[in-house]
Number of protein chains: 2
Amino acid sequence: MPSLRELGEVEAIRRLISDRGEAAGVIVGAGDDAAVLRLDQGCDLAITTDALVEGRHYRAEWMTPAEIGARLAAANLSDLAAMAARPCWAVASMGVRAEHDADELLELQRGLRAMLGAHGATLVGGNLSGVEGREWFSLTLLGEVARGRAWTRSAARPGDRLAVTGHPGRSQAALELLHRLPERARDAGQRGLIDAWRAPEPRVGLALALATHGHVTAAIDLSDGLAGDLAKLCEASGVGAEVETGGFASDPALEMAAGALEIDVERLRFGASDDYELLLAVEPGGRETCTRVARELGVPLAFIGRLSDRPGVIEAVTGAERRPISGMGFDHFAR
Amino acid sequence: MPSLRELGEVEAIRRLISDRGEAAGVIVGAGDDAAVLRLDQGCDLAITTDALVEGRHYRAEWMTPAEIGARLAAANLSDLAAMAARPCWAVASMGVRAEHDADELLELQRGLRAMLGAHGATLVGGNLSGVEGREWFSLTLLGEVARGRAWTRSAARPGDRLAVTGHPGRSQAALELLHRLPERARDAGQRGLIDAWRAPEPRVGLALALATHGHVTAAIDLSDGLAGDLAKLCEASGVGAEVETGGFASDPALEMAAGALEIDVERLRFGASDDYELLLAVEPGGRETCTRVARELGVPLAFIGRLSDRPGVIEAVTGAERRPISGMGFDHFAR
């Protein structure tokens with residue numbers, strides 16, 4: 001278990017590179033000045049980048065190195081899912097301390113590679129920088145999407161239905177539990193919620209399956225929270241939204257966590273939370289098909305409202321009651 | 001001059017995005033979950049990533065924000081030059097403190113964009129993370145290269161000539177001057193050397209011009225130093241090298257710095273130094289053409305030796321004297 005300092009940079013990079021595999025479309029892999037890749041003809045290229053910062057997005061005592069790598073991959077995979085792009089290749093840029101255990105860094109990369117590989121992508125290069133203080137891991141992910149067929153945030157239309165995958169709010173609930181409840185005080189349900197936070201499942205398969213049917217008009221990945229990301233989609237498309245609070249599937253895990261944390265369950269569901277779920281605008285006639293496709297893939301998909309022709313007006317509807325959903329997204333620089 | 005905390009993340013990102021321009025091949029630009037790009041048909045895609053870490057690669061008192069951005073772009077542009085790839089698009093991942101002045105961050109991005117733009121590339125997306133402690137800036141750069149025509153490190157052959165652009169060692173000399181000599185103690189020559197360090201010129205234009213002639217068999221970007229990077233090229237190609245110390249153009253600036261620093265000039269020239277110059281293997285018949293192309297572009301190009309069929313043997317030749325060039329590359333984790 002040598003540290004990076006003991007191993008030296010050249011040997012550390014050699015081990016990181018030798019842990020990477022062969023993959024389709026890779027003409028020149030890791031170890032040269034750049035990787036060289038070959039896209040399928042007729043495809044556009046989608047590119048996204050996201051980072052995890054120690055102490056900000058994770059703590060070493062909360063998760064294993066492999067789980068850190070997997071979460072980093074998931075954050076980027078979810079962005080490509082929101083574009084209906086098929087993940088292909090990634091490069092990692094890492095800032096690590098000289099004292100970092102070299103085997104743990106390889107474990108982190110294995111977790112990253114395993115999550116990428118589960119969704120069809122492979123690591124083709126990277127950069128290793130020495131840092132003092134907090135470590136950081138940044139990934140850039142490339143994918144292919146049929147020409148002109150990428151989902152954006154900006155093509156939703158009034159009347160489109162709003163659908164959301166999974167269980168928004170669970171990620172933030174898990175983080176609050178990690179912060180506030182010591183491990184021994186957590187019950188089985190809370191531990192399950194935290195395990196789900198450690199191993200998020202980006203909705204790549206569902207996105208690719210839905211894209212073949214053509215009913216989705218706009219999409220966004222839930223990384224800042226349902227209220228904040230819905231507001232972004234509405235602003236980009238120039239529409240408003242009505243969210244039916246009764247439209248969500250019941251979520252006993254979230255409700256239990258809300259009780260333990262003494263937070264309103266709606267605040268968790270709408271507030272800042274990086275769930276890596278998808279929020280979709282679906283043309284009205286597409287609801288049945290989308291529901292069927294999601295059921296076949298075993299992905300929870302709830303229809304939670306519709307888009308309106310009132311730009312900027314985003315409301316929660318509960319029976320006869322209407323109230324504005326104010327932006328509660330996460331701000332990296334707020335105290 | 002608000003800080004990022006005062007401005008808030010959403011507004012900071014809005015300003016960063018609004019400062020980006022339109023560009024060829026960009027189907028969906030910054031501001032969605034991912035950017036969508038369209039390659040020229042018949043091209044492969046080259047991808048590289050490199051980062052600058054505060055206190056490690058730069059100090060805020062040494063250079064302006066725009067110069068930091070330009071150096072980050074140059075580091076990545078130089079990698080693509082070494083693949084004979086034409087730079088096209090980039091995404092930036094940045095870890096910045098909440099106290100960071102928002103206008104200075106925009107200045108940094110402008111410096112980055114200007115350097116990218118000077119070589120035909122544009123910024124199409126990014127990610128902003130809050131950090132405590134040291135800041136970091138990571139860039140991923142994409143380029144196009146004619147199918148199967150990328151330069152690699154691994155295709156050099158015994159008998160090929162070795163050529164190097166510019167003045168290897170100057171970057172490290174400038175860093176040593178910055179560390180060791182207070183500003184008032186520096187003479188005009190030393191200041192000129194430091195100015196050159198602040199504004200490196202990646203050899204993209206020369207690489208693209210040389211690539212059309214087909215004489216270059218292998219290439220590597222000088223980011224770790226001539227000895228270290230030559231060793232990497234030789235290892236990848238399974239060859240040895242003989243470097244004629246008399247082959248370098250005289251470099252009075254380097255010699256003056258070596259004198260002031262009391263470091264042997266050869267140690268500066270061969271040792272760890274991120275010069276963003278190119279080291280090329282050229283087939284024997286290509287020397288005249290390469291020399292002419294470089295002269296036409298005003299890029300210094302020196303032929304400094306040849307590759308041998310003795311793998312692992314890398315020697316400096318001065319008249320009748322031969323001695324091994326030991327690896328003196330930069331190790332990020334060494335003390």
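Lettering follows sequence order; numbering is per chain, from 1. Predicted, not measured: the structure shown is a model, and the values here were computed from it.
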Looking at [atom1] of [X] and [atom2] of [Y], how far apart are the two atoms once the value is rounded to the nearest 0.5 Å?
X        : Y        : atom1 : atom2 : result
B:Leu280 : B:Leu206 : CG    : CG    : 7.0 Å
B:Ile220 : B:Leu278 : CD1   : CG    : 10.0 Å
A:Ile17  : A:Gln109 : CD1   : CD    : 9.0 Å

task = Could you tell me which of B:Ala81, B:Gly133, B:Ala46, B:Gly55 has the largest number of non-hydrogen atom pairs under 4.5 Å with chain A?
result =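 Between B:Ala81, B:Gly133, B:Ala46, B:Gly55, the count favours B:Ala46.
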Less than 4.5 Å to any heavy atom of chain B: does that hold for the side chain of [X], its backbone, both, or neither?
X        : answer
A:Arg134 : side chain
A:Glu132 : both
A:Ala150 : side chain
A:Glu144 : neither
A:Ile27  : side chain
A:Ala85  : neither

Under 3.5 Å, side chain of [X] to main-chain N/O of [Y], donor-acceptor pair present?
X        : Y        : value
B:Asp50  : B:Asn76  : no
B:Asp224 : B:Asp229 : no
B:Ser78  : B:Pro202 : no

inquiry  = Using a strict threshold of under 4.0 Å (side-chain N to carboxylate O), is an ion pair present between A:Asp33 and B:Lys232?
reply    =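 Looking at B:Lys232 and A:Asp33, the cut-off is not met.
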request  = Can you tell which part of B:Glu11 gets under 4.5 Å to a heavy atom of chain A, answering side chain, backbone, both or neither?
outcome  =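 Nothing of B:Glu11, per the 4.5 Å heavy-atom cut-off to chain A.
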request  = Tell me, for B:Leu142 versus chain A, whether the close heavy atoms (under 4.5 Å) come from the side chain, the backbone, both or neither.
outcome  =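 Just the side chain, heavy atoms under 4.5 Å.
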Answer yes or no: is there a side-chain heavy-atom contact under 4.5 Å between [X] and [Y]?
X        : Y        : answer
B:Leu45  : A:Val36  : no
B:Ile325 : B:Leu226 : no
B:Ile47  : B:Thr140 : yes
A:Leu139 : A:Leu116 : yes

query = Can you list the residues that meet the salt bridge (Lys or Arg N to Asp or Glu O under 4.0 Å) rule with A:Asp101, with sequence neighbours excluded?
reply =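 Expected list: none.
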query = Between A:Leu233, A:Val28, A:Asp79, A:Thr48, which has the largest tally of heavy atom pairs under 4.5 Å with chain B?
reply =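 Of the candidates given, the most pairs with chain B belong to A:Asp79.
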request  = Considering only heavy atoms and a distance below 4.5 Å, find which of A:Thr49, A:Asp32, A:Thr152 pairs most often with chain B.
outcome  =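 It is A:Asp32.
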key: Interface residues of residues 37-44 of chain A facing chain B - non-hydrogen atoms under 4.5 Å apart   =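 Listed by number: A:Leu37, A:Arg38, A:Leu39, A:Gln41, A:Asp44.
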task = Spell out the residues in residues 86-95 of chain A that have some non-hydrogen atom less than 4.5 Å away from a non-hydrogen atom of chain B, in order of number; otherwise answer 'none'.
result =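 Checking residues 86-95 of chain A against chain B gives A:Val91, A:Ala92, A:Ser93.
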inquiry  = Once ring-ring contact (aromatic ring centres under 6.0 Å, His included) is applied, what residue pairs with a partner in residues 130-150 of chain B remain, sequence neighbours excluded?
reply    =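 Every pair satisfying ring-ring contact (aromatic ring centres under 6.0 Å, His included) with a residue in residues 130-150 of chain B: A:Trp136-B:Trp136.
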request  = Let me see the working for A:Met83 and A:Val145 under side-chain contact (heavy atoms from CB on, under 4.5 Å), right down to the final yes or no.
outcome  = CA-CA 8 Å; A:Met83 305 301 284; A:Val145 56; over 6 Å; no
query = Side chains of B:Ser3 and B:Glu99: donor-acceptor distance under 3.5 Å anywhere?
reply =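 Side-chain D/A pair, B:Ser3 to B:Glu99: absent.
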